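A short worksheet on the structure shown next.
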Amino acid sequence: MWLTRRILEGVPRQENRTFEPRLQRDFGSNLRAWRTSRGLTQEQMAEQLELSARYLRTLETGAGNITLRTMEQVAFSLGEDPIELLAGTRWDEATGSDR
């Protein structure tokens, strides 16, 4: 116990940090970039993914909570790697085109 306290003495406290759901926001932003780069409306893409347009809107804004399973299904339906949709390594958000 004393060793743990001794080690943690130099570690700064993280009490002032606030949680921000960055992954949800990034996934939604990348999903929107993918959709717009292909000229699809939300309704067209929702139909392609077999999701409601309302749910797709919440995903794109980062407000919707997506399960890993649904994320994989979305990526599979789009023919993309779920990691790329999450990381945004393939799309330039400013232009909406592939990098």
Side-chain angles (χ1 to χ4, degrees):
M1 182 89 128
W2 65 270
L3 182 58
T4 304
R5 272 185 275 156
R6 184 90 169 146
I7 292 170
L8 293 177
E9 282 177 0
V11 177
R13 298 196 122 177
Q14 297 182 3
E15 295 170 354
N16 296 330
R17 288 183 36 187
T18 58
F19 175 74
E20 183 181 335
R22 183 181 55 84
L23 294 177
Q24 277 181 212
R25 186 188 64 232
D26 290 351
F27 178 81
S29 179
N30 295 332
L31 190 58
R32 182 185 309 112
W34 190 96
R35 176 182 59 78
T36 58
S37 72
R38 282 145 182 90
L40 295 172
T41 66
Q42 285 181 334
E43 289 75 19
Q44 290 169 328
M45 186 161 169
E47 185 176 321
Q48 178 181 345
L49 298 175
E50 298 179 0
L51 301 172
S52 73
R54 184 177 185 175
Y55 181 57
L56 180 61
R57 275 190 290 281
T58 64
L59 292 179
E60 285 190 358
T61 60
N65 201 5
I66 188 168
T67 64
L68 293 175
R69 182 183 185 119
T70 303
M71 185 184 301
E72 284 185 308
Q73 289 173 335
V74 166
F76 178 79
S77 296
L78 300 176
E80 297 294 338
D81 183 339
I83 300 301
E84 289 176 355
L85 276 177
L86 192 58
T89 56
R90 296 199 42 197
W91 302 284
D92 182 357
E93 292 180 37
T95 63
S97 61
D98 292 345
R99 288 183 184 174

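Everything numeric in this text was worked out from a predicted model, so none of it was measured.
In this structure the side chain of Asn30 never reaches within 4.5 angstrom of the side chain of Leu86, judged on heavy atoms. Side-chain contact between Leu31 and Phe27: present, with at least one pair of heavy atoms (C-beta onward) separated by less than 4.5 Å. Side-chain contact check for Gln73 versus Leu49: every heavy-atom pair is 4.5 Å or farther apart.
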With a cut-off of 3.5 Å and sequence neighbours excluded, list every side-chain donor-acceptor pair involving residues 56-67.
residue, atom, partner, partner atom, Å
Thr58, OG1, Tyr55, O, 2.7
Glu60, OE1, Arg35, NH2, 3.0
Glu60, OE1, Gln42, NE2, 2.8
Glu60, OE2, Arg35, NE, 2.7
Thr61, OG1, Arg57, O, 3.3
Thr61, OG1, Thr58, O, 3.1
Thr61, OG1, Ala63, N, 3.4
Thr67, OG1, Thr70, N, 3.1
Thr67, OG1, Thr70, OG1, 2.9

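Under the salt bridge (charged side-chain N to carboxylate O under 4.0 Å, His left out) criterion, no residue pair touches residues 47-56, with sequence neighbours excluded.
To the nearest 0.5 Å, the span separating OG on Ser52 from CD on Glu43 amounts to 10.5 Å. Here the straight-line distance linking atom CG of Leu85 with atom CD of Glu72 works out to 11.5 Å at 0.5 Å rounding.
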*Passes side-chain contact (heavy atoms from CB on, under 4.5 Å), Leu51 versus Met45? Steps please.*
CA-CA 8 Å; Leu51 301 172; Met45 186 161 169; over 6 Å; no
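In this view, Gln44 and Leu40, Thr41 satisfy the side-chain contact (heavy atoms from CB on, under 4.5 Å) rule, not counting sequence neighbours. Residues satisfying the side chain to side chain donor-acceptor pair (under 3.5 Å) test with Arg22, not counting sequence neighbours, are Asp26.
For the pair Arg32 and Trp34, the cation does not sit on the ring face, since its NZ or CZ is not both under 6.0 Å from the ring centre and inside 45° of the axis.
The hydrophobic cluster containing Met71 does not contain Phe76, counting ILVMFWY residues as joined when their side-chain heavy atoms lie under 4.5 angstrom apart, directly or transitively.
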